[in-house]
2 protein chains.
Amino acid sequence: MIRYSKNPVVRPEDVKPSAEGFKVVGAFNPAAVKFGNETLLLLRVAEECVKVKNKIRVPAYKFVNGDGIPQVLEFDKADPDVKLKDTRGVVYKGIDFLSSLSHIRIARSEDGVNFTVDDKPFIYPQNEQEKYGIEDARVTYIDGKYYINYTIVSENSWSTALSVTEDFKTHKRLGVIFYPENKDVAIFPEKVNGKYAALHRPNNSGFGKPSIWYAESPDLLHWGGHKCVAKPRDNRFESMKIGGGSSPLKTSEGWLCIYHCKGDGQRYTLFAMLLDLNEPWKILKRPEKPLIEPEADYEINGFFGNVLFTNGMVEENGRLWIYYGASDSCSCLIISTVDEILKTLK
Amino acid sequence: MIRYSKNPVVRPEDVKPSAEGFKVVGAFNPAAVKFGNETLLLLRVAEECVKVKNKIRVPAYKFVNGDGIPQVLEFDKADPDVKLKDTRGVVYKGIDFLSSLSHIRIARSEDGVNFTVDDKPFIYPQNEQEKYGIEDARVTYIDGKYYINYTIVSENSWSTALSVTEDFKTHKRLGVIFYPENKDVAIFPEKVNGKYAALHRPNNSGFGKPSIWYAESPDLLHWGGHKCVAKPRDNRFESMKIGGGSSPLKTSEGWLCIYHCKGDGQRYTLFAMLLDLNEPWKILKRPEKPLIEPEADYEINGFFGNVLFTNGMVEENGRLWIYYGASDSCSCLIISTVDEILKTLK
């Protein structure tokens with residue numbers, strides 16, 4: 001398990017803004033997939049507005065005929081109606097505005113380490129359900145098609161929507177598959193017991209803490225048979241919540257999942273976990289120690305320091321490229337093998 | 001629209017406890033259905049423990065071979081580890097215990113107003129997912145079978161499960177259809193655009209307020225195509241949240257829904273709403289004024305005063321029996337007609 005020596009593989013400054021007056025502050029939490037000879041990263045690109053003296057500028061979208069048109073909204077800092085919410089938002093006359101909004105952009109590479117980022121967005125907010133942006137994609141290849149799920153954020157909170165593509169040039173929206181509040185959806189690459197399968201992460205505001213659940217579907221569009229798979233354990237790594245990573249990887253020993261934990265001090269680490277091949281709601285192995293925790297400078301410092309988050313993994317002949325977002329800022333890479341990760345589970 | 005003169009139609013004292021040491025404190029929020037010559041109410045029966053001096057007793061279940069066995073847990077009031085959470089719970093050494101737990105019991109009537117309550121529970125907690133009880137059933141008759149959805153509460157928060165019955169003596173569990181946090185699920189009595197349909201109520205903890213959503217399903221077990229239908233409006237009735245009622249009633253003008261609102265001062269009122277017949281995620285009519293608000297003594301005073309909640313409605317030849325829970329205590333009835341309710345929507 002080695003961090004790639006030239007991490008990060010994509011940084012915010014490698015990405016062109018999607019609009020004039022916008023500034024890219026994050027190119028992180030990439031989905032990853034092998035497509036032809038290339039490795040594609042589906043980056044979450046977060047954009048703020050370019051700063052102006054005495055003003056607060058926030059990005060927004062106007063929706064016209066099914067297109068999202070980026071906007072720069074400007075408030076006077078002295079305006080008593082303007083209230084800073086936290087580092088991530090502004091409230092103006094009771095209405096929420098985020099200081100940064102995300103969309104999905106593709107980065108392409110022939111060697112898995114040197115990436116060129118597309119000039120234009122791939123999945124861009126298009127309707128009121130996506131008003132506050134599109135975040136944290138996962139790609140799953142099933143029967144010749146690439147299914148992409150992602151978090152959509154709006155005044156209706158956050159939920160998970162699905163798109164499908166065959167060429168990574170265009171995609172087709174298939175609707176909201178997990179209603180609010182749900183994110184960290186990871187679709188399995190094949191049917192289990194005759195049904196499509198996914199891990200998902202409902203929110204908890206009453207009893208319990210946000211946990212990883214299992215669901216099944218006849219068609220990838222309608223989901224049911226919900227079962228809780230893994231709850232946060234009572235330790236410093238998982239004390240706040242946990243959530244699934246990329247599409248689970250089938251190995252001879254079980255479904256390999258790498259998931260993220262939010263622990264004490266809002267620190268995010270990555271853990272490996274092995275699920276039963278036939279009953280993936282059953283955990284076979286779940287080590288006490290993280291696979292990786294924030295150590296490198298780019299993992300400790302950034303938009304939100306001490307955050308590791310993975311939603312993209314590529315396997316080829318037993319070799320494993322684990323892509324991950326660091327500090328809500330950049331995209332990084334761990335190079336390993338399936339065998340090596342499985343050994344950490346013993 | 002007349003409140004039945006002998007309201008409540010079922011009171012806690014009409015119901016036998018499910019175990020020794022238990023005391024029935026609520027027989028409320030009934031689902032309602034015509035079955036043969038009888039009207040059945042599927043009551044939410046809430047039970048506390050009989051009080052004992054200097055002790056705190058809470059109800060619980062032990063799960064053995066798929067059966068829930070009721071238990072009385074006893075704590076010493078002087079024990080510093082015992083913390084009262086609010087009127088509804090106790091925390092002992094970090095573990096939550098509810099002061100009351102619910103199950104579903106059937107009350108039967110030949111005239112829709114005089115009910116006899118079964119001695120035994122109908123749907124009783126059976127596994128860890130139902131550890132904190134079963135609440136607020138809805139019944140929908142589809143193709144010769146009665147589908148019953150209900151809220152299950154556990155350490156994984158609250159979600160919605162489905163059962164099916166043909167005789168209201170036994171029922172078969174079909175699994176969790178809406179993951180946490182979701183309740184107030186109302187399944188339509190027929191397919192819409194070739195799919196089964198339901199209203200549901202996801203929770204919001206970030207942006208927005210708990211709202212009524214629409215979902216569709218090929219088989220009643222797997223749900224998708226989620227769309228937000230109705231959000232709480234900015235008025236004193238709906239300021240906190242709204243949620244669907246019984247299975248929507250098909251009328252010539254649209255799907256008639258009676259929903260509940262939680263407003264200022266935690267006061268619950270009932271509103272009528274008309275949804276488009278072919279696109280039930282579109283609202284045709286939604287009046288400004290409630291259909292009914294807490295006025296009668298049994299609506300104002302009780303376990304939780306000023307709460308009206310409906311999840312059961314029976315229609316026959318245009319006559320309408322709207323059953324509702326009052327003050328989280330008893331079950332009440334409004335007698336009306338479809339025409340009369342539709343008139344209130346003009």
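On a predicted model such as this, the values are computed, not experimentally measured, just so you know. A note on names: the letters A, B, ... follow the listed sequences, proteins ahead of strands, and every chain is numbered from 1.
In this model, a donor atom of one side chain and an acceptor atom of the other lie less than 3.5 Å apart for Glu238(A) and Tyr259(A). Checked by atom type, the side-chain pair Thr160(B)/Asn149(B) shows no donor-acceptor distance below 3.5 Å. Side-chain contact, Arg173(B) with Ser163(B): no donor N or O sits under 3.5 Å from an acceptor N or O. The closest side-chain donor-acceptor pair between Asn311(A) and Ser246(A), if any, does not fall under 3.5 angstrom.
Aromatic rings of Phe97(B) and Phe75(B) (six-membered ring for Trp) have centroids within the 6.0 Å cut-off, being under it. For an aromatic pair to be called close, the ring centres must be under 6.0 Å apart, and Tyr268(A) with Phe304(A) fails this. Between Phe271(A) and Phe237(A), a ring centre-to-centre spacing shorter than 6.0 Å is recorded. Side-chain rings of Tyr147(B) and Tyr141(B) stay apart, their centers remaining 6.0 Å or farther from each other.
The residue among Lys195(B), Glu181(B), Glu155(B), Lys209(B) with the most heavy atom pairs within less than 4.5 Å of chain A is Glu181(B). Note on Ser159(B), Ser205(B), Gly208(B), Gly175(B): by heavy-atom pairs under 4.5 Å with chain A, the leading option is Ser205(B).
Of the atoms belonging to Tyr132(B), it is side-chain heavy atoms, and not backbone ones, that fall under 4.5 Å from chain A. For a residue to count as touching a neighbouring chain, one of its non-hydrogen atoms must lie under 4.5 Å from one of that chain's; by this rule Asn156(B) touches chain A with backbone and side chain alike. Only the side chain of Gln129(B) comes within less than 4.5 Å of a heavy atom in chain A; its backbone stays farther off. For chain A, the nearby part of Leu98(B) is the side chain; its heavy atoms alone come within less than 4.5 Å. Both the backbone and the side chain of Trp223(B) come within less than 4.5 Å of a heavy atom in chain A.
In terms of the ring-ring contact (aromatic ring centres under 6.0 Å, His included) criterion, Tyr196(B) has no residue partners (sequence neighbours excluded).
Near-neighbour residues of residues 226-234 of chain B relative to chain A, defined by a heavy atom under 4.5 Å from a heavy atom of that chain, comprise His226(B), Cys228(B), Lys231(B).
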